[in-house]
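Each chain gets a letter, A, B and so on, in the order its sequence line appears, and its residues count up from 1.
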Amino acid sequence: MAKVLTKREDNYAQWYNDLVIKADLAENSPVRGCMIIKPYGYAIWEKIQAELDRMLKATGHSNAYFPLFIPKSFFSREAEHVKEFAKECAIVTHYRLKKDPDGKGLIVDENAKLEEELIIRPTSETIIWHTFKNWIQSYRDLPLLINQWANVVRWEMRTRLFLRTSEFLWQEGHTAHATREEAIEETEKIVNLYTDFIENYMGIPVIKGLKSENEKFAGAVDTYAIETLMQDGKALQAGTSHFLGQNFARAFDVKFTDKNGKQHLVWATSWGVSSRLVGALVMAHSDDNGLILPPNLAPIQVVIVPIYKGNDELEKISGVAEQIKENLTKNGISVKYDDRDTQKPGWKFAEYELKGVPVRIAVGPRDIANGTVEIARRDILTKEVIRQENITDHIVNLLKDIQAGIFIKARKFRDENTHKVDTYEDFKRILREKGGFILAHWDGTSETEKKISKETKATIRCIPLDGKQEKGKCIYTGKPSNKRVVFAIAY
RNA sequence: CGGGGUGUAGCGCAGCCUGGUUAGCGCGCGUCGUUCGGGACGACGAGGUCGAGAGUUCGAAUCUCUCCACCCCGACCA
């Protein structure tokens with residue numbers, strides 16, 4: 001037993017760290033707060049990317065690329081924006097090094113100071129809106145629907161692999177529209193697109209909603225968010241979509257001429273999901289034996305492990321295994337046949353379990369004699385023996401079952417850990433004893449929200465979009481409220 | 001930036017308090033043999049500027065001082 005994980009119930013945070021490292025997803029880098037994403041972890045990110053990219057293109061968005069560096073002056077243009085991001089920016093001040101005259105190392109060449117410092121993008125609204133000014137003149141140029149896949153840097157105090165790192169990978173969409181209604185429609189379209197992706201590909205149920213004033217994006221009129229619940233009862237924001245109103249158009253003077261020759265400021269949105277989703281995927285489904293990956297995002301969906309003594313046996317087994325692999329591959333399934341003789345079967349079983357491969361097929365001498373294979377599913381750890389001739393259909397259906405089962409299990413967990421409370425005492429008790437999402441009435445003021453968050457660490461995750469209107473009293477102030485909001489302790 | 005802690009082989013650690021041959025252990029790694037249906041076993045082997053610098057001493061991983069790095073807890077956050 002080489003790679004044992006901390007048990008979730010002993011220390012959930014440690015379990016997560018162990019898992020990310022032992023499943024070869026990522027490791028810490030020499031640079032504080034930054035991670036090295038290893039091939040297996042990156043393969044998951046690539047699956048996420050590929051599907052989202054397809055969905056975004058299908059809804060009319062085009063990819064482009066904007067610079068990593070943003071002139072400092074761009075930042076000051078939008079007041080709210082600068083206020084929020086100023087405290088976590090990395091800044092480039094010089095462009096040259098020179099030999100240290102006193103030693104062997106290198107030092108910054110003070111003669112190579114930049115006239116205007118460059119900020120490493122924490123997000124790209126400013127440089128994009130600076131550019132959009134030149135791209136947009138007429139209503140004929142609208143809507144403008146741009147996405148970019150990029151890295152960004154936010155100088156974080158405390159970091160955790162995938163969940164919060166100083167540098168992370170994401171996609172950021174930036175759109176411009178002629179009307180307010182159209183921009184809001186775009187903002188909502190993206191929230192729904194993210195929801196579709198996270199529920200149907202990642203297998204994680206979400207709550208869609210609006211952010212409160214305190215929690216919304218700096219520079220946005222409204223922020224829509226999708227919130228997910230992790231196995232330890234903490235919430236994780238999985239994606240955001242912002243209706244920016246005319247704030248950035250005003251700051252960067254982006255106007256268009258309408259059909260009647262009149263000039264108007266354009267309406268904007270921006271939205272993104274990040275490599276944090278990999279962390280969500282790990283925390284939402286996995287168990288004490290390792291990762292559990294939904295088939296739709298698993299880099300390897302099926303692994304075939306031969307069990308043999310000697311080359312004669314291996315040859316026979318390989319004949320069967322290669323045939324199975326070929327048939328599955330024809331059905332669009334990604335299969336790995338692991339015939340390495342450097343590792344034992346038991347070692348391979350444990351390794352693929354740790355890495356969350358949804359289905360394992362074992363083929364040994366008994367199977368050759370009987371015309372069977374052994375099939376093990378990762379999510380519920382069951383094994384069955386089936387006839388070789390039925391295998392392709394069986395696996396196709398099994399992968400569908402696993403995908404559905406993972407989602408149903410996560411949804412059941414989410415539902416069981418969502419509580420309605422009507423008093424502040426119950427609120428604190430549930431938070432302490434169970435965690436999870438708490439649906440409670442709130443008087444709508446930032447002041448109350450801040451007090452609750454200071455006293456309990458719980459924040460308003462969102463004001464649900466599909467929440468029913470319901471008369472009630474704020475759990476903190478007793479003032480009237482007509483809708484419950486979602487509270488939780490969040491990542 | 002406050003409060004706590006840790007730096008010894010690729011990884012995880014012991015040794016330090018009470019200085020003394022050649023600095024140990026587990027995992028991992030290499031070779032050979034037996035194994036192979038849930039992380040095999042045995043034998044042999046390779047691998048170290050003990051975070052850095054200065055000091056005390058006949059002698060420092062061990063004592064003293066300075067510096068550096070990282071981790072955990074708080075304030076910030078996708």
Determine whether a donor-acceptor pair (N or O, by modelled atom type, separation under 3.5 Å) exists between the side chain of A:Ser275 and the backbone of A:Phe162.
no
Hey, does A:Asp367 reach any base, or is it just sugar-phosphate, or nothing, if we go heavy atoms under 4.0 Å?
base
Length of the line joining A:Lys22:NZ and B:G28:P, which is rounded to integer Å:
12 Å
Distance check, P atoms only: B:A61 and B:G51, in whole angstrom units.
10 Å
Whole-angstrom distance between B:U49 and B:A43, as gauged at atom C1':
33 Å
Scan A:Gln343 against the nucleic acid and name what it touches under 4.0 Å (heavy atoms): base, sugar-phosphate only, or nothing.
nothing
In whole Å, what separates the P atom of B:C41 from that of B:C27?
9 Å
Value in whole Å for how far the P atom of B:G37 lies from CZ of A:Arg360:
11 Å
On RNA chain B, compare the nucleotides closest to A:Trp170 and A:Val31; which residue's is nearer the 5' end?
A:Val31
If you check every side-chain atom of A:Lys344, which of B:A75, B:A78, B:C36 has the closest atom?
B:C36
No-hydrogen, no-angle side-chain donor-acceptor test under 3.5 Å, A:Glu449 and A:Ser212
yes
Whole angstroms only, please: what is the CG-P distance between A:Asn17 and B:G12?
13 Å
Taking a pair as Watson-Crick or G-U wobble with both distances under 3.5 Å, which nucleotide is matched to B:U49?
none
For the P atoms, the ones on B:A40 and on B:A78, what distance do you get once it is rounded to whole angstrom?
45 Å
Does a donor on one side chain and an acceptor on the other come within less than 3.5 Å for A:Tyr12 and A:Asn17?
no
Between the side chains of A:Arg154 and A:Glu156, is the shortest nitrogen-to-carboxylate-oxygen separation below 4.0 Å, so that they form an ion pair?
no
Are a donor atom and an acceptor atom from the side chains of A:Arg121 and A:Asn151 found within less than 3.5 Å of each other?
yes
Tell me yes or no: between the side chains of A:Thr123 and A:Glu125, is some donor less than 3.5 Å from an acceptor?
yes
Under a 3.5 Å limit for both distances, which nucleotide forms a Watson-Crick or G-U wobble pair with B:C1, could you say?
B:G74
Any side-chain donor near an acceptor of the partner, A:Asn296 and A:Asn200, under 3.5 Å:
no
Taking a pair to mean Watson-Crick or G-U wobble geometry with both distances below 3.5 Å, B:U35 pairs with none
By nearest atom, which of the nucleotides B:G39, B:G37, B:A75 is closest to the A:Pro345 side chain?
B:G37
At 4.0 Å (heavy atoms only), tell me whether A:Thr459 reaches a base, stays on the sugar-phosphate, or touches nothing.
nothing
Who pairs with B:A61 - Watson-Crick or G-U, where each distance is under 3.5 Å
none
Closest nucleotide among B:C36, B:A78, B:G37 to the A:Arg366 side chain:
B:G37
Of the residues in residues 305-313 of chain A, which ones touch RNA chain B at a heavy-atom distance under 4.0 Å?
A:Ile307, A:Tyr308, A:Lys309
Nearest-Å distance for atom pair CD/C1', residues A:Glu167 and B:A78
14 Å
B:C44 pairs with, by Watson-Crick or G-U criteria that keep both distances under 3.5 Å:
B:G30
Would you mind reading off the distance between A:Ile226 atom CD1 and B:A78 atom P, rounded to a whole angstrom?
14 Å
Indicate whether OP1 or OP2 belonging to B:A40 is found under 4.0 Å from a side-chain N or O atom of A:Lys348.
no
If we count only N and O atoms by modelled type, under 3.5 Å, do the side chains of A:Tyr224 and A:Glu188 hold a donor and an acceptor together?
yes
In terms of heavy-atom contacts, does CD of A:Glu447 have more than 12 from other residues, nucleotides or ligands at under 6.0 Å?
no
Select one nucleotide: of B:C76, B:A40, B:G37, the one nearest the side-chain heavy atoms of A:Pro365.
B:G37
Between B:A78, B:G39, B:G38, which one does the side chain of A:Glu353 approach most closely?
B:G38
Touch class at under 4.0 angstrom, heavy-atom based, for A:Lys383 against every strand present:
base
Touch check for A:Glu156, heavy atoms < 4.0 angstrom, all strands: base, sugar-phosphate only, or nothing?
base
Would you mind classifying the nucleic acid contact of A:Ser274 as base, sugar-phosphate or nothing, using non-hydrogen atoms under 4.0 angstrom?
base
Would you mind telling me which of B:G38, B:A78, B:G39 lies closest to the side-chain atoms of A:Arg276?
B:A78
Identity of whatever pairs with B:U6 - Watson-Crick or G-U, under 3.5 angstrom:
B:A69
A:Gln14 and A:Asp18: side chain donor to acceptor below 3.5 Å
yes
Which nucleotide in B:G39, B:C70, B:G37 has an atom nearest any side-chain atom of A:Arg32:
B:C70
Candidates B:G39, B:A78, B:G38 - which lies nearest the side chain of A:Phe349:
B:G38
Comparing nearest nucleotides in RNA chain B, the 5'-proximal residue of the pair A:Arg461, A:Asn28 is A:Asn28
In whole Å, what is the span from the CD atom of A:Glu172 to the P atom of B:A78?
14 Å
For the pair made of NZ in A:Lys83 and C1' in B:C76, what is the distance, rounded to whole Å?
14 Å
Go ahead and name the base partner of B:C25; Watson-Crick or wobble counts if both distances stay under 3.5 Å, otherwise write none.
B:G12
Nucleotide of B:G38, B:C76, B:G37 approaching A:Ala362 most closely (side-chain heavy atoms):
B:G37
For A:Leu163 and B:C76, give me the distance from atom CG to atom C1', rounded to whole Å.
16 Å
Say we look at B:U8 and B:A69: how far apart would their C1' atoms be, to the nearest angstrom?
15 Å
Check this for me: does any side-chain nitrogen of one of A:Lys216 and A:Asp222 sit under 4.0 Å from a carboxylate oxygen of the other?
no
